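All figures in this text were calculated on a predicted structure; none of them were measured in a lab.
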Amino acid sequence: MRRLLCVFLAIVCALTCVGCSPSVEVSEPSSSAPEAVMPQESPRSFSLPYSKEDTLNPYAAATEVNVVLAGLLYDSLTVIDGAFAPQLSLAASVTSTDATHLTVSLKQGAKFSDGTAVTAADVKASFDTARKSAQYKELLGNVTAAAVDRKSGVITFTLAKGDPNAAACLSFPILKAGKNTTAAGEAPLGGGLYVYTVGDNGATLTANPHYGKTPRYATVTLRHLPSADSMYYGLASGSITYYYDDLNVGDTPRVSGASAKVDMNALTYLGINSGKAALNNATVRQALSLLTDRKVLAASAYAGWALPATLPFHPHWSGVKETESLFGGQELAAALEKLETAEQKKLKFELIYSTDSANRGTLVDTVRTQLESAGIQVMVVPLAYTEYLARLKNGQYDLYIGEIRLTANMDLSPLFGGAARYGIAADSAAATAYSLYRTGEGTLQEFLTAFGEEMPYIPLVWRCGFAGHDRRMSVVTPNGYDPYYGFANWH
C-alpha cells in the first residue's frame with residue numbers, strides 16, 4: 001500500500017464515545033445509512049479492483065487496493081462512520097471501567113462466514129497480530145494488552161495513557177484464530193459482509209450468509225487492477241464500478257464517470273521552529289496563522305482535493321460539532337497589529353518542504369505569497385525527503401510544511417512529544433492542555449483555547465481522498481477509514 005511519507009513516516013488514521021468516566025459507552029450504529037432503494041438505472045452488477053499477486057490478509061497486504069477490501073471481508077469490534085465516530089459492530093458494548101481500561105462484550109450470535117462463533121479468543125489473537133502489523137500498529141500504539149475472562153467472555157483492553165476516543169482503536173479486523181493465511185490470492189477466514197472465493201471464472205466476493213445483513217449486490221466480481229492508472233482505465237472502460245485512491249503521492253485525479261471527495265484525516269500544516277528568534281513569540285505565531293487563508297489553500301492545494309483546516313481536528317469529526325472554528329480566511333490587519341505588538345516588522349524566514357508529493361509545491365507557493373503580503377520575506381527550499389527529514393531532526397529550519405495522518409482516535413500525541421514533535425516545545429501550554437484532555441482532567445474546549453493562544457503549529461488543509469464510480473450510482477458513502485463504509489446500501 002502506498003504510504004504517506006511525511007514529517008515522521010508514522011501514519012498517525014475518528015471517534016468519539018468512550019471517555020474516561022466508568023459510565024461512558026459506545027453508541028449503537030446510527031440509522032444515518034441510506035435506505036436500500038435501487039433506482040432503475042442503478043448498475044445490475046458490481047465489480048471492484050484488487051491485486052491477485054497480493055494477499056487479502058489485512059495484516060500482511062502490501063497494496064492499498066487489497067488493504068481497503070478489509071472493510072468488506074472482515075468485521076471489527078467497532079467501525080468508523082462518516083463522522084469519524086466509532087459505532088458498535090461485533091461488540092455489544094464497549095465501556096471504560098477507568099481511565100486506562102476498556103471492557104468489551106461480544107454481540108450474541110456473531111459468526112464467521114463458516115458458521116462458527118466469533119469468540120473472545122479470536123479477538124485477542126487478532127489484536128496480538130494487529131499490534132505487530134504495519135497497517136494497524138499506529139492505531140493500537142496506546143493499547144498495550146488484551147485479556148480475556150474465560151467465564152464471562154469479556155475482553156479487557158489496557159491503555160498506556162488515558163484516551164477519551166479509545167473505542168475507535170477497536171476497529172481492527174477480527175480473523176478466525178489459526179486461519180491466518182498470508183499467501184498471495186488468498187484471504188483468512190473472516191465474518192464481514194462478503195466471503196472471498198476463487199473459481200473457474202476468477203475471484204469474486206459472495207454475500208456472507210452468516211453476517212446478518214443482505215447486501216444489495218449478492219456477488220461482486222474482482223478485477224486484477226492493482227495500480228491507480230489501471231483502476232482509472234478500468235472505470236472508464238466499465239470493467240469496474242468503483243475505485244478509491246487516497247492520493248497520498250499527490251497525483252491529481254483524472255475523472256471518468258462520477259467522482260467525489262472522501263474525507264481523510266490527513267492534515268497538512270505549517271510547522272514552526274519555536275526555538276528560533278521571533279518564532280518563539282506566540283504573538284508572532286498567531287500573526288502567521290492570521291495571514292493564512294485556508295479557503296484559498298484548499299482550492300489550490302492538491303488540485304482542489306482538500307478542505308480548509310479550521311481546527312486542529314477534522315471539521316467533520318463529530319467530537320468538534322459543538323465547537324467554533326479557530327481559523328478561517330486571511331486577516332491582514334489583525335496580523336499586522338500582532339506583529340506591531342510583538343515589535344517585529346522585518347521578518348525573514350526559511351521555509352523547507354519535501355518534494356515527495358507532486359502537488360505540494362503549489363501549496364508552498366500560496367503560503368509564501370500570503371506571508372509576504374505582510375512584508376515577511378520567505379525563502380523557500382525544496383528538498384528530497386531524506387534531506388528534509390535530516391534538516392528537521394537537526395533543527396535547521398524556520399518553517400516547514402508537514403503532513404500527518406491521524407489515527408482513528410484523533411491522537412495528536414505524535415505532534416506533542418512524539419515522532420512529529422519538530423519545533424514544538426515539549427512543555428508548551430497546548431501540549432499540557434492536550435495531555436489533560438486525554439486523561440479526562442481537562443476538556444476539549446480548554447485544549448482548543450490553549451492551542452489558539454499558543455499556536456504551536458498552523459493547520460492549513462485536510463487532504464481528501466478520491467472515489468470514482470459508475471455514473472448510475474446515486475448512493476456511495478466511503479470515508480477515509482473505510483472506503484466501503486455502508487456498502488450494503490450502495491446503489
If you take the centroid of each ring, where Trp contributes its six-membered ring, are [Y] and [X] closer together than 6.0 Å?
{"X": "Tyr434", "Y": "Phe416", "result": "yes"}
{"X": "Phe46", "Y": "Phe487", "result": "yes"}
{"X": "Tyr74", "Y": "Phe112", "result": "no"}
{"X": "Tyr242", "Y": "Tyr484", "result": "yes"}

Which atom pair, heavy atoms only, marks the closest approach of [X] to [Y]?
{"X": "Ser47", "Y": "Ser239", "value": "CB-O, 3.3 Å"}
{"X": "Met231", "Y": "Val65", "value": "SD-CG2, 4.1 Å"}
{"X": "Asn66", "Y": "Asp54", "value": "ND2-O, 3.2 Å"}
{"X": "Asn142", "Y": "Lys161", "value": "ND2-O, 2.8 Å"}
{"X": "Phe327", "Y": "Ser289", "value": "CD2-OG, 3.7 Å"}
{"X": "Phe466", "Y": "Ser259", "value": "CE1-CB, 3.4 Å"}

| said: Using the rule side chain to side chain contact (heavy atoms under 4.5 Å, CB included), only one of Thr181, Leu175, Thr129 pairs with Asn57; which is it? | reply: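 For Asn57, the side chain to side chain contact (heavy atoms under 4.5 Å, CB included) test succeeds with only one of Thr181, Leu175, Thr129, which is Leu175.
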
Verify whether one side chain among [X] and [Y] offers a donor that lies under 3.5 Å from an acceptor in the other.
{"X": "Tyr302", "Y": "Thr268", "result": "yes"}
{"X": "Thr116", "Y": "Asp114", "result": "yes"}
{"X": "Ser171", "Y": "Ser76", "result": "no"}
{"X": "Thr241", "Y": "Arg223", "result": "no"}
{"X": "Asp163", "Y": "Asn409", "result": "yes"}
{"X": "Asp75", "Y": "Ser89", "result": "yes"}

Using atom types as modelled and distance alone, determine if a side-chain donor or acceptor of [X] lies under 3.5 Å from a backbone N or O of [Y].
{"X": "Thr78", "Y": "Ala167", "answer": "yes"}
{"X": "Lys261", "Y": "Gly304", "answer": "yes"}
{"X": "Arg463", "Y": "Asp246", "answer": "yes"}
{"X": "Ser435", "Y": "Ala431", "answer": "no"}

| request: Would you check, one step at a time, whether the test side-chain hydrogen bond (donor to acceptor under 3.5 Å, both in side chains) holds for Tyr481 with Asn265? | output: CA-CA 8 Å; Tyr481 293 112; Asn265 215 5; 2.8 Å; yes

| query | What's the verdict on side-chain hydrogen bond (donor to acceptor under 3.5 Å, both in side chains) for Ser413 and Asp411, showing C-alpha distance, side-chain angles and the deciding distance? | reply | CA-CA 6 Å; Ser413 297; Asp411 186 12; 2.7 Å; yes

| message | Does the plane of the ring in Trp462 sit parallel, tilted or perpendicular to the ring in His314? Use 30° and 60° as the thresholds. | response |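 Ring orientation of Trp462 relative to His314: tilted.
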
| field | Evaluation steps, ring pair (Phe, Tyr, Trp, His ring centres under 6.0 Å), between Tyr136 and Phe172 | value | CA-CA 7 Å; Tyr136 293 91; Phe172 58 92; 7.5 Å; no

| field | Salt-bridge contact Asp128-Lys124 (side-chain N to carboxylate O under 4.0 Å) | value |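 Looking at Asp128 and Lys124, the cut-off is met.
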
| Heavy atoms from other residues, nucleotides or ligands near NZ of Lys111 exceed 12 (cutoff 6.0 Å) |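 Not more than 12 within 6.0 Å, no.
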
| said: Within the 4.5 Å heavy-atom criterion, are Met264 and Leu247 side-chain neighbours or not? | reply: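 Met264 vs Leu247: side chains apart.
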
| If you round to the nearest 0.5 Å, how far is CG of Leu222 from OH of Tyr194? |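 Spacing of OH (Tyr194) from CG (Leu222) equals 10.5 Å.
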
